[in-house]
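Quantities reported herein were computed from a predicted structural model and do not represent experimental measurements. In this chain, residues are counted from 1 in sequence order.
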Amino acid sequence: MTDPVGHVWTLRSEMEWRQGETLDDFEHDVSVGSASAFILLGLIIVLAVVLVTTIPEDVVAPWSGRMLWLGLLILLAVLFFPARWALRRPWEVVAEWGDNGHGEPEERWTGKVRGVFTVRQAISQAAKTIRHEGHPGIEGPLQPLIEPVA
């Protein structure tokens with residue numbers, strides 16, 4: 001997209017798979033490893049199997065198949081947290097233009113946002129602001145990146 005001065009800006013976003021050290025306001029992964037997650041997953045599976053196998057025969061299920069509704073509820077409960085985790089990951093949003101001759105942009109603005117839907121809103125808002133003002137706007141999540149002078 002082009003700003004009023006004629007600079008061609010590039011907007012991009014990338015999902016952060018690891019928690020950054022500067023993301024104080026985001027969720028923190030407090031687990032040292034993944035062992036506790038596998039133990040809890042195994043416990044959930046064992047409890048679900050025990051629940052399904054110990055249901056008495058005289059229990060009437062509302063749909064065809066006695067365990068269909070219960071299986072769907074268990075599947076929904078198991079998939080809720082991974083889906084929430086994937087949809088709420090932090091994203092890095094970058095707006096940049098130009099080339100300084102060393103393959104680096106003349107101006108770069110970066111910011112962090114959380115969530116798939118929020119990143120789409122942040123990019124569209126930055127694009128709108130660039131079209132009108134010539135830069136992404138200081139009031140949004142994007143902030144100018146100041147490079148150290150070598």
Side-chain angles (χ1 to χ4, degrees), residues 1-49 51-52 61-65 67-150:
M1 104 203 34
T2 306
D3 66 5
V5 181
H7 299 136
V8 177
W9 285 80
T10 303
L11 286 168
R12 61 183 168 88
S13 62
E14 185 175 340
M15 183 188 298
E16 301 270 329
W17 288 104
R18 292 193 169 253
Q19 235 26 45
E21 289 141 15
T22 61
L23 299 175
D24 295 332
D25 55 342
F26 291 132
E27 291 177 13
H28 295 287
D29 297 327
V30 294
S31 176
V32 176
S34 58
S36 60
F38 287 117
I39 290 171
L40 287 175
L41 180 63
L43 181 64
I44 289 172
I45 291 171
V46 167
L47 289 174
V49 167
L51 178 66
V52 169
W63 297 321
S64 66
M67 298 299 156
L68 178 64
W69 62 276
L70 185 59
L72 290 175
L73 286 176
I74 291 171
L75 182 66
L76 179 66
V78 168
L79 292 179
F80 171 75
F81 289 106
R84 181 183 180 274
W85 178 86
L87 290 174
R88 299 280 302 153
R89 295 305 302 162
W91 288 70
E92 180 180 20
V93 180
V94 178
E96 54 195 11
W97 71 268
D99 185 0
N100 65 1
H102 301 290
E104 294 294 320
E106 294 274 338
E107 187 174 350
R108 176 180 290 162
W109 293 55
T110 62
K112 304 270 188 209
V113 294
R114 167 176 282 238
V116 174
F117 305 111
T118 309
V119 80
R120 292 182 65 182
Q121 290 174 350
I123 287 180
S124 66
Q125 181 63 36
K128 181 179 176 184
T129 309
I130 287 171
R131 272 191 232 106
H132 295 296
E133 298 178 16
H135 58 80
I138 200 77
E139 68 279 349
L142 295 176
Q143 301 298 314
L145 183 65
I146 300 171
E147 297 288 334
V149 178

Counting C-beta onward and ignoring hydrogens, is there a side-chain heavy-atom pair between [X] and [Y] closer than 4.5 Å?
| X | Y | value |
| --- | --- | --- |
| Asp99 | Pro105 | no |
| Ile45 | Leu41 | yes |
| Trp109 | Trp97 | no |
| Lys112 | Glu16 | yes |
| Ile138 | Gln143 | yes |

Separation between [atom1] of [X] and [atom2] of [Y], rounded to the nearest 0.5 Å:
| X | Y | atom1 | atom2 | value |
| --- | --- | --- | --- | --- |
| Thr118 | Gln125 | OG1 | CD | 13.0 Å |
| Thr110 | Leu145 | OG1 | CG | 5.0 Å |
| Arg120 | Trp91 | CZ | CH2 | 10.5 Å |
| Thr2 | Ile130 | OG1 | CD1 | 10.0 Å |
| Ile44 | Leu40 | CD1 | CG | 6.5 Å |
| Thr129 | Asp3 | OG1 | CG | 12.0 Å |

What pair of heavy atoms forms the shortest contact from [X] to [Y], and how long is it?
| X | Y | answer |
| --- | --- | --- |
| Val119 | Val116 | CG1-O, 3.1 Å |
| Val78 | Pro82 | O-CD, 3.2 Å |
| Val94 | Leu142 | N-CD2, 4.4 Å |
| Ala86 | Met15 | O-CE, 4.2 Å |

Can you check side chain to side chain contact (heavy atoms under 4.5 Å, CB included) on Leu79 and Leu75, steps first, answer last?
-> CA-CA 6 Å; Leu79 292 179; Leu75 182 66; 3.8 Å; yes

Fill in: Flag, side chain of His102 to backbone of Glu104, donor-acceptor distance under 3.5 Å
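Here the side-chain-to-backbone pair does not exist.
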
Practice prompt. In plain terms, say whether Arg12 and Glu92 are close enough for a salt bridge, that is, a side-chain N and a carboxylate O under 4.0 Å apart.
Written response: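 Answer for the salt bridge query: no.
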
Might you confirm whether atom CD of Glu139 has over 12 heavy atoms from other residues, nucleotides or ligands at distances under 6.0 Å?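 Yes.
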
